[in-house]
Amino acid sequence: MTFENTLAFAQEADNNDDLKDFRNAFYFPQHNESDAIYFCGNSLGLQPKNVEAAIQTELHTWRQLAVEGYFKGTHPWLCYHEYLRGSLAKIVGAKPTEVTVMNALTVNLHFMMLSFYKPTTQRYKIMMEAGAFPSDQYAVETQARHYGFDPADVIIEIAPRSGEKILHEEDIIEAIEAHKDSLALTIFGGINYYTGQLYNIPLITAAAQQAGAVAGWDLAHVTGNVPTQLHDWNVDFAVWCSYKYLNSGPGAAGGVFVHEKHSNADTSRLAGWWGNDEKSRFKMEKGFVPKQDASGWNLSTSQVFNMVALKASLELFDKAGMQNLRAKSIALTGYLEYLLLQLHTGAFEIITPSNEHRRGAQLCLYFKEKGKAIHEQLMQNGIIVDYREPGVIRIAPAPLYCSFEDVYKCVKIIGDVLGTS
Ligand SMILES: *Cc1c(COP(=O)(O)O)cnc(C)c1O
């Protein structure tokens with residue numbers, strides 16, 4: 001797409017967008033009695049309009065059937081997480097049996113590490129990106145302590161080169177090779193939540209495994225944003241949350257991928273009855289018999305009300321198609337970048353890689369000054385973006401509900417504040 005810096009171009013691009021009607025499937029926060037423009041889908045996705053009825057359905061089942069709801073009703077709760085696997089598998093590029101839904105992201109990261117981080121005196125190191133999301137840092141640090149290690153001996157953080165903000169993939173690969181005798185696990189955020197950098201997941205996965213380590217991924221900022229091929233890439237495990245690009249509401253149940261090569265009963269885990277084979281689950285007998293797929297990691301009764309919104313939201317992903325969403329997303333974020341560069345100003349720097357294959361929807365802008373003023377001006381104009389000290393604004397146009405016109409209006413205001421448009 002050849003971009004133009006005009007409102008007419010933005011509106012024409014929206015007219016030609018096959019996915020434009022999906023916007024009507026969402027509720028927008030209100031600003032001066034009209035829809036705000038929303039660029040925080042990387043933090044909390046908007047509410048799909050079909051969620052309310054979906055919740056009502058389960059409330060009705062509970063009211064009418066009570067305990068019978070596990071076996072009867074519109075969607076029997078016994079296997080509620082099963083309803084989500086097919087759609088999620090398409091989004092992450094897996095077999096439905098390699099995906100499950102349970103708990104929440106950090107909890108799942110711990111459970112996966114309990115299965116796949118098996119430190120020995122020789123091989124005990126964990127590699128991650130410096131500046132990983134704090135919850136991931138805490139998880140890894142406390143796993144190290146849990147096994148009696150000093151986290152400083154265990155954790156290898158890969159940092160950008162001096163004066164830079166983005167990691168070089170060759171630095172990651174080099175570090176993996178340098179630690180090949182002691183590396184047990186790599187756990188990177190597929191997209192760094194802050195910089196928006198998308199790592200080469202198959203490349204890093206292959207290098208980690210070549211070195212004899214397990215490759216795990218935190219896909220919080222990837223799932224529903226950038227399509228992946230977790231099965232074909234031979235990823236060992238991955239975890240993600242459902243409330244960012246997957247639009248499933250605060251605290252929605254998290255997602256897990258476990259490659260089928262690990263799904264046999266021999267893989268150790270901390271278990272609960274919902275991961276037990278259904279044939280014997282209700283016999284209430286001794287002896288855990290894991291289901292031979294990712295759902296063998298489920299522990300507790302399906303958290304139906306934390307999954308209803310996800311189920312409703314996934315219907316939209318099924319309709320839109322992940323590849324179509326990605327194509328629109330590349331154009332939309334490309335347009336955002338193009339307009340920002342058209343401001344021809346040194347007042348800010350785009351930290352996110354300019355290569356569209358090395359980022360998702362989000363751009364991270366670092367303003368040397370006026371960052372706070374720009375954020376305030378955007379919010380006053382009903383444009384919701386994320387601000388972090390010092391001077392960082394993250395803008396994530398989610399392709400399901402953001403438009404080219406939204407992007408145009410946003411950059412117009414930034415230009416007005418900077419006095420460069
Ligand atoms: C959003 C996010 C989290 C949040 O974890 P929860 O357990 O869902 O609160 C963790 N890690 C990363 C990389 C994230 O982006």
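Each ligand, and each atom within it, is numbered from 1 in the order the structure gives.
With salt bridges taken as basic N to acidic carboxylate O contacts below 4.0 Å, none links Asp293 and Lys95. Between Lys125 and Glu157 there is no salt bridge, since no side-chain nitrogen of the basic residue lies less than 4.0 Å from a carboxylate oxygen of the acidic one.
By the ring pair (Phe, Tyr, Trp, His ring centres under 6.0 Å) test, Phe22 pairs with no residue at all, sequence neighbours left out. Scanning for side-chain contact (heavy atoms from CB on, under 4.5 Å) contacts around Ser135 gives Thr106, Phe133, with sequence neighbours left out. With sequence neighbours excluded, the residues satisfying side-chain contact (heavy atoms from CB on, under 4.5 Å) with Glu315 are Asn50, Lys311.
Residue-level contacts of ligand 1 at the 4.0 Å heavy-atom threshold are Leu105, Thr106, Phe133, Asp136, Asp218, Ala220, His221, Tyr243, Lys244.
Here the two rings, on Trp273 and Phe282, have centers that are under 6.0 Å apart.
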